[in-house]
Colleague: 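If you scroll down you'll find the structure; I have some questions about it.
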Amino acid sequence: MTITQSNRWPWLVALLLCGWLLYQLTPILSPFLVGILLAYLGDPLVDRLESWKLSRTWGVVAVFTLFSLLLVLLILVLVPMLGKQLMHLYQLMPLALDWLQLEALPWVQMQFGLEEDFWRFDRVKQAITDNLGSTTDVVGLILSQATASGLALLAWLGNLLLVPVVGFYLLRDWDLIMAKLRKLLPRRREAMVVGLMRECHEVIGAFLRGQLLVMLALAVVYASGLMLIGLQLGLLIGVLAGLASIVPYMGFVVGIGAAIVAVLFQSGIDLYLLLGVAAVFTVGQLLEGMLLTPLLVGDRIGLHPVAVIFAVLAGGQLFGFTGVLLALPVAAVIMVLLRHVHDLYKLSDLYAPAEPPSQP
C-alpha cells in the first residue's frame, strides 16, 4: 500500500508526536545513549572475534571485560594523578590572582589610561580567596554536593549501573536489530536508504573510532612530553589539550597557551621550559597532521571545525548532556543528507544553465 497525498498528514503527526515524546524523555535518555555508543564502538571487535569462531555472547563478554579493565586502569592510575594536579592548581590560584593584580592589570590600565580603581580587583580577590579558603578538600566538597539530595544520588548511581546492562544486551543483539530494521524499510527504497545509512556509518564511525583515538593519542603525547620536560601541571594540560582536539587546532591553541602560563608561574621566563613546550606541541601537530589523522580518520568526516563547535554547543543548549552526546552523530548524518541534496540540486532544472536567446 502506497502513502498517497491524502494520508500523509497522519504520518507527519505521528513523527511530530514521536519527536515531542523523545524531548520529554530527554532526562532519562543518557544511559541508553551511552549504551548505544558502547554497542556501536564494540560491534566491530565482536564481529572480529566471531570470525575467529567465538560465539557472539562470549565475544561480547570479552569486549566488555576489556572495556572494564581499561576503565579500572583509568580510575586507579589516571584519576589520582589528575586529582593531585588539580589540587596543585587549586593552590596556585592565589599566586595567579596576585600576578593579575600587581602586573597584568596595571599594565593594561597604563596602556588604556584607565582610572586607578577601575577594576575594583580587591573585592574580587577577597571573594575568590574566601571561597578558596572555605575548604581544602575538593573531593569532600564534591561529595557533600552530591549527597545533598539522596534521591538525586540514587538516580545518578542507577543511571551509571544501567549503562553496562543496556550496552551488553544491545551489543549481543546488534546484528539482529540491524537486520530487523532493514526489513522494515520500504522495498522500493531499500537500496537508496541502505546506501545513505552506509555513508552515515562511515562518517560516524570515522569520527567516533578515529577522532577519539586521535584525541587519546594526542593526550598521551602532550601529557608525556610536558611531564618529561618537568612541567608540574603537564598531565592536566596534556589531557585538556587532547580533549580539546575534538576541534582541529583547538587542542594546540588551548594546550600551548595553558602550558606557557603554567611555565611562567612555575619558574618565570625559563627558556628551557618554553622551548620544551614549543617542541612538544610541534611534535604533536606533526604527528596529528602526518600520521594520526590520515591513518585513523582519513577524509571521510568532512565536518568543518565551526560546524563541530556549533553542533556541540547547540546540542548542549537544547538537550543538555544528552544533546552533547547526540550532537556530532546527528551533525554527521545531516552533512551526508545535505551532500545528496546538493547533488540533486546540481542535476535539477533549477541549476541548469540559461538557454541562449533565440535569434530573430
Side-chain angles (χ1 to χ4, degrees), residues 70 73-74 77-93 95-97 99-100 103-104 107-108 206-313 324 327-328:
L70 292 176
L73 183 64
L74 180 69
V77 177
L78 187 60
V79 171
M81 295 175 65
L82 284 175
K84 291 180 180 179
Q85 298 216 340
L86 284 172
M87 287 300 299
H88 182 65
L89 179 63
Y90 171 85
Q91 295 169 356
L92 286 177
M93 286 298 295
L95 297 177
L97 293 176
W99 174 82
L100 188 62
E103 297 185 27
W107 182 85
V108 174
F207 181 83
L208 291 180
R209 299 187 184 98
Q211 190 64 30
L212 292 180
L213 287 175
V214 170
M215 292 164 57
L216 176 62
L218 288 176
V220 171
V221 170
Y222 291 147
S224 302
L226 294 176
M227 294 172 66
L228 187 62
I229 65 174
L231 190 63
Q232 294 176 356
L233 297 177
L235 178 62
L236 181 62
I237 294 174
V239 172
L240 178 64
L243 293 176
S245 298
I246 189 172
V247 178
Y249 304 109
M250 181 174 287
F252 173 81
V253 174
V254 171
I256 197 169
I260 290 175
V261 173
V263 168
L264 295 177
F265 280 107
Q266 177 177 324
S267 55
I269 304 178
D270 189 326
L271 186 60
Y272 166 76
L273 277 179
L274 292 175
L275 290 177
V277 167
V280 168
F281 282 94
T282 300
V283 170
Q285 281 298 294
L286 291 176
L287 286 175
E288 180 184 8
M290 300 175 61
L291 178 63
L292 296 176
T293 299
L295 180 64
L296 298 176
V297 179
D299 57 353
R300 293 172 292 177
I301 295 182
L303 282 176
H304 194 275
V306 175
V308 173
I309 298 173
F310 178 80
V312 173
L313 294 179
V324 174
L328 291 174

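Just so you know, residue 1 is the first one in the sequence shown, and it goes up from there.
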Colleague: Starting at OG1 of Thr282, measure out to CG of Leu286 and round the result to the nearest 0.5 Å.
Modeller: 6.5 Å
Colleague: For side chain to side chain contact (heavy atoms under 4.5 Å, CB included), just list the numbers for Leu235 and Leu78, CA-CA rounded to whole Å, side-chain angles, deciding distance to a tenth of an Å, and then say yes or no.
Modeller: CA-CA 9 Å; Leu235 178 62; Leu78 187 60; 3.8 Å; yes
Colleague: Please name the pair of heavy atoms, one in Gly238 and one in Leu226, separated by the smallest distance, quoted to 0.1 Å.
Modeller: N-CD1, 4.2 Å
Colleague: Show the nearest heavy-atom pair for residues Gly251 and Ser245, with the distance to one decimal.
Modeller: CA-OG, 3.7 Å
Colleague: What's the shortest heavy-atom distance between Val221 and Gly284, and which atoms?
Modeller: CG1-CA, 4.2 Å
Colleague: Tell me the closest heavy-atom pair linking Ala217 and Leu292, and the distance in Å.
Modeller: CB-CD1, 3.9 Å
Colleague: Within this structure, what is the CG-CG distance for the pair Leu233 and Leu240, rounded to the nearest 0.5 Å?
Modeller: 11.0 Å
Colleague: Assess whether side chain to side chain contact (heavy atoms under 4.5 Å, CB included) is satisfied between Lys84 and Gln232, documenting all intermediate values.
Modeller: CA-CA 10 Å; Lys84 291 180 180 179; Gln232 294 176 356; over 6 Å; no
Colleague: Closest approach of Gly255 and Ala241, non-hydrogen atoms and distance?
Modeller: CA-CB, 3.8 Å
Colleague: Could you report the tightest heavy-atom contact between Ile229 and Gly276, atom names first, then the distance?
Modeller: CD1-C, 3.6 Å
Colleague: Taking the side chain as everything from C-beta on, heavy atoms only, tell me whether Ile237 gets closer than 4.5 Å to Tyr222.
Modeller: no
Colleague: Please round to the nearest 0.5 Å and tell me the distance separating atom CG of Leu231 and atom CD1 of Ile260.
Modeller: 11.0 Å
Colleague: Determine whether Met81 and Met227 make a side-chain contact, defined as any pair of heavy atoms from C-beta on separated by less than 4.5 Å.
Modeller: yes
Colleague: Assess the residue pair Phe252 and Leu218 against the criterion (side chain to side chain contact (heavy atoms under 4.5 Å, CB included)); give the C-alpha distance rounded to whole Å, side-chain angles, the decisive distance to 0.1 Å, and a yes or no.
Modeller: CA-CA 10 Å; Phe252 173 81; Leu218 288 176; over 6 Å; no
